[in-house]
Amino acid sequence: MCIFCNIVDGKIPNQTVAQNEDFLAFNDISPLAKIHILIIPKKHISSFNEVSPQTMANMTTFIQEIVEKLDIKDNGYRLITNIGKQGGQEVEHLHFHLLAGEQLGKII
């Protein structure tokens, strides 16, 4: 079982920011910004390549709700997902990094 599935099952503690029936958002244990949240589906999905359009649509709504809750919508934020080994994916469970709370450097 992957680390994120263990978090969903309550076997590994986390600092939950938000959750609903399908998704969980929690603080990253090694933050790269003042705000660094991981957002995952509770159901195991290996990567963005396997996610259904419906799940992605629902996840988009969930992420937008978090952005509103944290009051970072107007100031800006970065949303990242890594896909596959060469794309930098370390945990084979779909997840998005939400970074905010400070001026982020340009990456592209």
Side-chain angles (χ1 to χ4, degrees):
M1 184 176 283
C2 82
I3 190 168
F4 290 162
C5 288
N6 283 326
I7 289 171
V8 169
D9 289 345
K11 296 175 183 172
I12 298 174
N14 72 88
Q15 294 178 341
T16 299
V17 173
Q19 69 176 316
N20 64 22
E21 185 177 315
D22 299 314
F23 304 103
L24 174 65
F26 55 94
N27 289 316
D28 193 295
I29 60 169
S30 298
L32 300 176
K34 286 183 181 178
I35 297 171
H36 186 169
I37 297 168
L38 297 175
I39 303 162
I40 65 171
K42 288 184 175 179
K43 174 184 171 193
H44 184 84
I45 300 170
S46 295
S47 80
F48 184 79
N49 290 335
E50 281 75 45
V51 69
S52 72
Q54 185 59 52
T55 298
M56 199 62 238
N58 294 338
M59 194 169 196
T60 298
T61 300
F62 182 69
I63 293 169
Q64 290 171 340
E65 290 169 358
I66 293 167
V67 168
E68 290 283 347
K69 176 182 177 179
L70 297 175
D71 196 27
I72 58 174
K73 179 180 176 181
D74 294 332
N75 287 336
Y77 56 94
R78 182 172 292 157
L79 191 61
I80 303 167
T81 189
N82 301 315
I83 299 118
K85 192 174 193 175
Q86 290 188 0
Q89 185 176 4
E90 295 179 2
V91 178
E92 290 187 18
H93 187 123
L94 175 65
H95 60 286
F96 283 84
H97 297 261
L98 174 66
L99 299 121
E102 63 186 284
Q103 181 66 46
L104 300 171
K106 186 175 177 181
I107 59 171
I108 294 180

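The figures here come from the full heavy-atom set of this structure, side chains too, leaving out hydrogens, waters and symmetry mates.
Under the 4.5 Å side-chain criterion, counting only non-hydrogen atoms from C-beta, Met59 is in contact with Ile39. Two residues are said to be in side-chain contact when any heavy atoms from C-beta on lie closer than 4.5 Å; Glu90 and Asn82 fail this criterion. Contact annotation: the side chain of Leu104 never approaches that of Tyr77 to less than 4.5 Å [non-hydrogen atoms, C-beta and beyond]. With a 4.5 Å cut-off on side-chain heavy atoms, Met56 and Phe48 count as touching. Looking at heavy atoms from C-beta onward, Phe23 lies out of side-chain contact with Phe96 at the 4.5 angstrom threshold.
With sequence neighbours left out, Gln64 forms a side-chain contact (heavy atoms from CB on, under 4.5 Å) with Thr60. Shown here are the side-chain contact (heavy atoms from CB on, under 4.5 Å) partners of Leu32, two or more places apart in sequence or in another chain: His36, Leu99. The side chain to side chain donor-acceptor pair (under 3.5 Å) check on Asn58 picks up Gln54, with sequence neighbours excluded. Judged as a side chain to side chain donor-acceptor pair (under 3.5 Å), and not counting sequence neighbours, the contacts of Thr55 are Ser52. Under the salt bridge (charged side-chain N to carboxylate O under 4.0 Å, His left out) criterion, Lys73 pairs with Glu68, not counting sequence neighbours.
In terms of heavy-atom proximity, Gln89 sits nearest to Glu92 at NE2-CA, 3.6 Å. Contact detail for Ser30 and Asp28: the closest heavy-atom pair is N-OD1, 2.7 Å. The minimum heavy-atom distance linking Lys42 with Asn20 is given by the pair NZ-O, 2.7 Å. Considering all non-hydrogen atoms of both residues, Ala33 and Ala100 come closest at CB-O, 3.8 Å. The nearest pair of heavy atoms linking Gly101 to Lys34 is O-CD, 3.2 Å.
Atom SG of Cys5 sits about 11.0 Å away from atom NZ of Lys43, to the nearest 0.5 Å. Here CD1 of Ile80 is found 7.0 Å from NE2 of His97. Values are rounded to the nearest 0.5 Å.
Counted within 6.0 Å of CD on Gln103, heavy atoms from surrounding residues, nucleotides or ligands total 12 or fewer; the atom is thus considered open.
Linking ILVMFWY side-chain heavy atoms closer than 4.5 Å, directly or via other members, places Leu70 and Leu79 in a single hydrophobic cluster. Under a hydrophobic-cluster definition in which Ile, Leu, Val, Met, Phe, Trp and Tyr are linked whenever side-chain heavy atoms come within less than 4.5 Å, directly or via other members, Ile63 and Ile83 are assigned to the same cluster. Residues Leu94 and Ile37 share a single hydrophobic cluster, defined by chaining ILVMFWY side chains whose heavy atoms lie under 4.5 Å apart. Residues Ile66 and Ile35 fall within the same hydrophobic cluster, defined by Ile, Leu, Val, Met, Phe, Trp and Tyr side chains chained together at heavy-atom separations under 4.5 Å. In this structure, Phe62 is a member of the same hydrophobic cluster as Val51, with clusters built from ILVMFWY side-chain heavy atoms closer than 4.5 Å.
The main-chain N or O of Val91 is never found under 3.5 Å from a side-chain atom of His93 such that the two would form a donor-acceptor pair. With hydrogens and angles ignored, the 3.5 Å screen pairs no side-chain donor or acceptor of Gln19 with any backbone N or O of Leu24. In this structure, the side chain of Arg78 engages the main chain of Gly105 through a donor-acceptor pair within 3.5 Å.
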Name each donor-acceptor pair under 3.5 Å that joins a side chain in residues 7-17 to protein atoms two or more places apart or in another chain, with its distance.
residue: Asn14; atom: OD1; partner: Thr16; partner atom: N; Å: 3.0
residue: Asn14; atom: OD1; partner: Thr16; partner atom: OG1; Å: 2.6
residue: Gln15; atom: OE1; partner: Asn27; partner atom: ND2; Å: 3.2

